[in-house]
Amino acid sequence: MVNKITSVIIAIFGIALLYMGGKLLLTGGSAFYALMGVGLLITAIMLFLQKRSALTFYAVLMWITLFWIIWEAGFDKWQWIPRGDLFGVIGVWLALPWVVRPLYRSQRAFHPFLGTTVIVMIALVIGLCFYDPLPQAGTITSQRAPADVDVAQNDWSAYGGTTNGLRFSALNQINKDNVKNLQVAWTYHTGDLRKTDDASEYTFEATPLKVNGLLYFCTPHNEVHALDPETGALKWKHTPAEDRSYLQQHQTCRGVSYYDSSTAPQADTSAAAPALCRKRIFNATTDAQLVALDADSGKVCSDFGNNGVVDLHANMGKLRPHALMETSAPLVAGNLVIVGDSVMDNGFNSGNPSGVIRAYDAISGRLVWNFDPANPENTQPIAQDQNYPYDTPIAWATLSADLKNGLVYVPFGNASPDELGIERDANSNTEKFRDTLVALDLKTGAFKWRYQSANHDLWDRDNPSQPSLLDIDYQGKKQPVVILPTKTGNLFVLNRLTGEPVYPVNQVKVSTEGGVAGEKFAATQPVSSLNFIPQPLTEKSMWGISPFDQISCRIDFKSLRYDGNPWTPSTEKGSIIFPGNIGVFNWGSVAVDPQRQLLIAAPVRLAYKYTMIKRTPQTATERMFTKDGTPYWNENFHGDYAIHIQQLASELGIPCIAPPWGRMVGVDLKTGKTEWLRRVGTTKNLSTTFLPGRFPIGFPMGMVAHGGPLVTAGDVVFHGATADNFFRAYDSSTGKLLWQTELSAGAQATPSTFMGKDGKQYVVIAAGGHGSMGTEEGDSVVAFRLN
C-alpha cells in the first residue's frame, strides 16, 4: 500500500513538472525539468507495478540531476536548493526500508545502488554546508595616518559625522579586539508607531546626532527627541501636528542637523536683535517645512522664518497634496542651512515640484541663494511673486560640504516621471542636470562644475547617496576627491575641485532599440573602474525554494525583455531591470576611513520588472490597481504611460535571482581594488507568504540591506540595515564578523558613535523597521558600550 500511495504522489509531481517544464521549454528555456517530469512518471509507473528496477532507474535520475546541478550552478549550496530539494527528498523516501522491502518481497531493506546514491548525495550536501564560493578573502593593509579632512571625534555633529559625509569616527575605545564585549547600555522607546492611516512606506531611518551634550534624532512623524547620551533619559521632545495620509509616498525622517552660532564663521548682519536660540536643531519634515528648535530646550526658535518655520512650498506654484516632502537631513554649512527636495515619483506627467536647492540663513530663515536646475546662472533669491519652474531634477539625499574650499556637493537625481522620457527636451538645462553631481559655491550658490552619472536616465537611477569627501593617494598622487555612489552600482571617484574623474570611467555602448513608441535612448552609459554593477543574469541565475517556483522564475526570465545590462529598455510586455530602482546603493551611502583610505559598502542585488501601461485620453486620470486591490504608485496621470514596478519574484514572494541579495565589501582607495567581499544578513525574521509568522532560521544567504555602515578608527565596521533585525560589527581590514546582536525590530538605519561624559564610547542605532521591506516594526533607539 505504501508504494501505491508513493507512486501516485510521484506521478502528481511528475505531471506538474512535465506541465511547467513544458511551458518553460516552449519559451526556449531548459529542457531538464520537462525531461525530469517524464522520468518521475516512469518511476511512478514502475513503482506502481512493483518493479524493483524503479529504484535503480531513480538512482540514475539522481546522478543525472547532480551532474546537471553542478553544470548549471557549480558548488553554490543555495543554488542547489531549488534544483535538488524535491528530487533529493523523493530519493531518500524511496531508499527507506518500507519502500525497498516490498519490492524484494523479503526482509532485505537496502537497495545497493539507490541507497549508496542517497548516502553520497547526503554527504555532498553536508560538505557543501561548510563551503561558500562567494566570499573573497583578503586584507586591507594600509596604515593609519592623519587625515586632511575634518572627521568626527567625541561628537557626531552632522548626519554623516561631519559635513564631509564619511560616516567615520576617530574613536577607537571600541576596537576589533574588544568589540565582542559590547553590551546594551540603554534602550529608548519613542512611542511613535505606525497607524492604519499612515503611508505604507513608513520607516524609522534616523541617524542620531550627539552634540551639545545631548543625543538628537527625529521619528517618522517628524517628532524630534533629545536624550541624555549616557542614560537614554528624555530631556525634551518636539511633537508637531500630524498630517497622516496613506497617499504619502514616504513617511520617514533620516536625521536632524545642528547649528551653533558661536562657532559659525558668519553672522546674519540683517538681524535686528541677537538670536533667540544660539544653538539650533533643524528638522526638514515630510510636509515640507524647515523647522528650527532650540537645541537646549526644544522650544521653537520664533525668530527663524515665520515663528520658527520656513514653508518650503513657497515659490513652488500650485502643488498637489503630498507632492513635496523632505526625508533627508538638511545640510548645515557655515551660517547656512541648505535643503533639496523629495517629490512623489511618477505620480503625474507634469506639474511636479521643482528640484531647486535653497540656502537659508540659519538665524533669520532668510533665503540667501537658490540653485534652480532650469536657471543655473541665476542664484539670487527668487522674487516673492515668482515661482520656480516645475519638473526639474531633484536632490533628495543629504548634501555634503567642503568647508575649507567653500563648496557644496549636490547629488541631483531624476525628475518625475523617472522612467519616461518621450517629452523631454534633450537640449534643456533640465536634461543637463539630470543624475548629475553638482558643485556649488557655498556662499553664493554659483555653479562650479557638474558630472553626469547616467545618460538620459529612464530607470529611476537617481543619485541617492550623500557624497563622501576625503584626500587619497591614488597611484602615488595625492588628490582631493568626492566619492559618489549610484543606484547602477558605480562608485565615481572625482577630483572634488574640478569634477574630473580620478578613477577611470568608460562610456559603454548600450541598447538603443525597442521600448515604447517615441522613446529615445542614450547610446552609451558611464561605467567607473570602481563599480559593483551586478553580473548579467541568465536563465541559470533564477532561483526559488523548489523546482516549481524556480521554473516560474525561469519562464518570467525567458518571457520578459532583458538585454544583459542595467539599461534594458522598459516595454509594454515587461522588462527585467537589474539592478532595479532600489539600486545597488541607496540613501545609506558608504563609509570611508580617511586615515587608512579604505571604503566600506553594502551593495544590493535585486532585479525588478518594469511594465509600461499605455494611457489613453479616456484613462488619463483613472486609478490603477494590482490584483489584490492595491493602487499603483507609478500611475503618471495625464502621461503617455503608467509604470508598474514590481520585484522580480516568485509567487511565494521570494526573489527570482539567486542569493546573495546583500553583500559587504572593503576597498583600498589607494589602489581602487576590492580586497574583501562577504555576504551580510540571514533569513531569520523574514516575513513570508508561505509560512505563518516570521522565518525562524537564520540561513546566511546574504540579505538586502537598507541603511548605511559606520567605520571607526578601532578598525570596526558597524552595520544594521539587513532584513533580519541584527546589528553587527566587522573587522574593516578583512570583513570578518566580530559581534552581532538581535534587536527587537528592523534596524534599517545608519548607526552613529560618540564619547560619553563618562569616558565611554557608545554606538547607537534606531530600530523601527521598514514598511516596504516588511521588517519587524518598532520604536527603539538602542545604545551599546563596553562593560
Side-chain angles (χ1 to χ4, degrees), residues 149-166 169-171 207-218 224-230 235-238 255-284 290-310 329-339 358-369 398-408 441-444 469 752-757:
V149 293
D150 183 33
V151 299
Q153 303 281 344
N154 289 341
D155 283 349
W156 192 270
S157 59
Y159 174 71
T162 68
T163 61
N164 293 318
L166 295 171
S169 171
L171 297 179
T207 297
L209 302 187
K210 189 272 181 176
V211 66
N212 189 40
L214 293 174
L215 192 76
Y216 304 96
F217 61 90
C218 52
V224 179
H225 296 235
L227 310 182
D228 181 288
E230 292 77 34
K235 292 298 185 180
W236 59 257
K237 180 171 73 172
H238 172 75
V256 296
S257 300
Y258 176 76
Y259 170 77
D260 186 344
S261 62
S262 66
T263 60
Q266 303 172 358
D268 183 4
T269 56
S270 67
L276 296 179
C277 312
R278 185 172 64 86
K279 301 174 181 179
R280 302 184 173 200
I281 293 295
F282 288 101
N283 188 26
L290 181 60
V291 182
L293 305 173
D294 185 287
D296 293 325
S297 67
K299 295 180 180 179
V300 172
C301 300
S302 58
D303 57 347
F304 180 80
N306 181 12
N307 195 31
V309 177
V310 167
L331 171 70
V332 169
N335 201 49
L336 300 176
V337 53
I338 307 170
V339 295
R358 288 173 283 186
Y360 297 93
D361 186 277
I363 299 296
S364 67
R366 172 179 60 89
L367 182 63
V368 176
W369 56 258
T398 295
L399 316 183
S400 300
D402 181 342
L403 299 180
K404 178 181 176 181
N405 292 295
L407 294 173
V408 175
D441 184 274
L442 174 59
K443 294 181 180 179
T444 66
L469 316 179
S752 58
T753 187
F754 59 87
M755 186 66 75
K757 61 177 178 286

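Index from 1, following the sequence. This one's a predicted model, so the numbers in the text were calculated from it and none came from an experiment.
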Tell me if a side-chain donor or acceptor on [X] pairs with a main-chain N or O of [Y] at a distance below 3.5 Å.
X: Asp402; Y: Leu407; value: no
X: Thr398; Y: Ala329; value: yes
X: Arg280; Y: Cys301; value: no
X: Thr263; Y: Asp260; value: yes

Give the minimum heavy-atom separation between [X] and [Y], together with the two atoms involved.
X: Val332; Y: Phe282; result: CG2-CD1, 4.0 Å
X: Trp156; Y: Ala152; result: CE3-CB, 3.9 Å
X: Val337; Y: Ala362; result: CG1-CA, 4.4 Å
X: Pro208; Y: Phe217; result: CA-CB, 4.0 Å
X: Ala401; Y: Ala333; result: CB-CB, 3.9 Å
X: Tyr360; Y: Gly365; result: CD2-O, 3.3 Å

| Asp294: partners by salt bridge (Lys or Arg N to Asp or Glu O under 4.0 Å), with sequence neighbours left out |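 Asp294 satisfies salt bridge (Lys or Arg N to Asp or Glu O under 4.0 Å) with no residue once adjacent residues are dropped.
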| Residues in salt bridge (Lys or Arg N to Asp or Glu O under 4.0 Å) with Asp296, at least two apart? |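 None.
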[Y] side chain reached by [X] side chain, heavy atoms, under 4.5 Å:
X: Pro330; Y: Val339; value: yes
X: Val151; Y: Asn164; value: no
X: Val408; Y: Ile338; value: yes

| request: Test Phe754 against every option in Asn154, Val211, Leu209, Leu215 by the side-chain contact (heavy atoms from CB on, under 4.5 Å) rule and name the one that passes. | output: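 Exactly one option meets the side-chain contact (heavy atoms from CB on, under 4.5 Å) with Phe754, and it is Leu215.
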Find the distance between [atom1] ([X]) and [atom2] ([Y]) and round it off to the nearest 0.5 Å.
X: Met755; Y: Asp155; atom1: CE; atom2: CG; result: 10.5 Å
X: Asn335; Y: Lys443; atom1: CG; atom2: NZ; result: 11.5 Å
X: Leu331; Y: Leu442; atom1: CG; atom2: CG; result: 8.0 Å
X: Ile281; Y: Ser297; atom1: CD1; atom2: OG; result: 11.0 Å
X: Thr163; Y: Leu403; atom1: OG1; atom2: CG; result: 4.0 Å
X: Ile363; Y: Leu336; atom1: CD1; atom2: CG; result: 11.0 Å

| said: Tell me every residue that passes side-chain contact (heavy atoms from CB on, under 4.5 Å) with Asn306, counting only those two or more places apart in sequence or in another chain. | reply: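 side-chain contact (heavy atoms from CB on, under 4.5 Å) check on Asn306 returns nothing, list empty.
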| Step by step, would you call Tyr258 with Asn212 a side-chain contact (heavy atoms from CB on, under 4.5 Å)? | CA-CA 9 Å; Tyr258 176 76; Asn212 189 40; 3.6 Å; yes
| query | Between Lys210 and Ser752, does a side-chain contact (heavy atoms from CB on, under 4.5 Å) hold up when you go through it step by step? | reply | CA-CA 8 Å; Lys210 189 272 181 176; Ser752 58; over 6 Å; no
| field | Ring geometry between Tyr216 and Trp236 (parallel below 30°, tilted from 30 to 60°, perpendicular above 60°) | value |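 Geometry flag for Tyr216 against Trp236: tilted rings.
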| field | side-chain contact (heavy atoms from CB on, under 4.5 Å) between Asp441 and Trp369, intermediate numbers included | value | CA-CA 10 Å; Asp441 184 274; Trp369 56 258; over 6 Å; no
| request: Kindly determine whether Asp228 and Lys757 satisfy side-chain contact (heavy atoms from CB on, under 4.5 Å), including the steps that lead there. | output: CA-CA 10 Å; Asp228 181 288; Lys757 61 177 178 286; 3.6 Å; yes
